[in-house]
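What follows is a short report on a single structure.
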Amino acid sequence: MVERVRAAAAAEFKQSPIGALSVAIVHDGICESHHFGHADGKDGPPPDGATLYRLGSITKMFTALMLLQLEAADRCSF
């Protein structure tokens, strides 16, 4: 499963290789991180575990998904 996620991230980045992408995968208590591209433009350093990203409005989707999962698990109600 971990390899499938890493391969999917690599394939997506290959289609649009702009900027940098870091993916953290936690499976069976093991955390792996994979990094693609270049931070700070195409000539910048490769990203690593200490690279800071600006998240912008994407956090709204994570919050919405979290709330939907809690609702599906009957742990919150709207």
Side-chain angles (χ1 to χ4, degrees):
M1 179 179 136
V2 172
E3 180 54 33
R4 281 185 19 218
V5 172
R6 190 211 61 77
E12 284 295 320
F13 188 79
K14 189 175 182 179
Q15 286 183 2
S16 300
I18 297 171
L21 170 67
S22 293
V23 178
I25 305 166
V26 180
H27 182 69
D28 289 336
I30 299 170
C31 181
E32 294 184 21
S33 60
H34 302 277
H35 311 280
F36 308 91
H38 297 277
D40 300 324
K42 67 179 183 177
D43 296 323
D48 60 23
T51 302
L52 299 177
Y53 291 92
R54 294 178 190 243
L55 294 178
S57 294
I58 196 168
T59 56
K60 294 173 194 161
M61 290 185 283
F62 290 110
T63 303
L65 177 61
M66 176 200 63
L67 287 171
L68 289 169
Q69 289 175 335
L70 288 171
E71 172 67 16
D74 227 9
R75 296 187 63 198
C76 86
S77 60
F78 297 102

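Below, each value reflects all heavy atoms present in this structure, side chains not excepted, and no hydrogens, waters or symmetry copies. Worth saying up front: this structure is predicted, and the values here are computed from it rather than measured.
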What side chain to side chain donor-acceptor pair (under 3.5 Å) pairs are there with at least one residue in residues 4-18, not counting sequence neighbours?
E3-R6
For L65, the hydrophobic cluster (side chain heavy atoms closer than 4.5 Å, chained through members) also holds none
Between L67 and C76 the two heavy atoms that sit nearest each other are O-SG, 4.0 Å
Tracing side-chain contacts under 4.5 Å among Ile, Leu, Val, Met, Phe, Trp and Tyr outward from F36 reaches V2, V5, F13, L21, V23, I25
Please list all pairs meeting salt bridge (Lys or Arg N to Asp or Glu O under 4.0 Å) that have one or both residues in residues 18-41, counting only residues at least two apart or in different chains.
none
Which residue pairs satisfy the side chain to side chain donor-acceptor pair (under 3.5 Å) criterion with at least one member in residues 44-55, sequence neighbours excluded?
S22-Y53, D48-T51
How far apart are the closest heavy atoms of A39 and A20, and which atoms are they?
N-CB, 4.0 Å
Not counting sequence neighbours, which residues clear side chain to side chain contact (heavy atoms under 4.5 Å, CB included) with I58? List them please.
L55, M61, F62
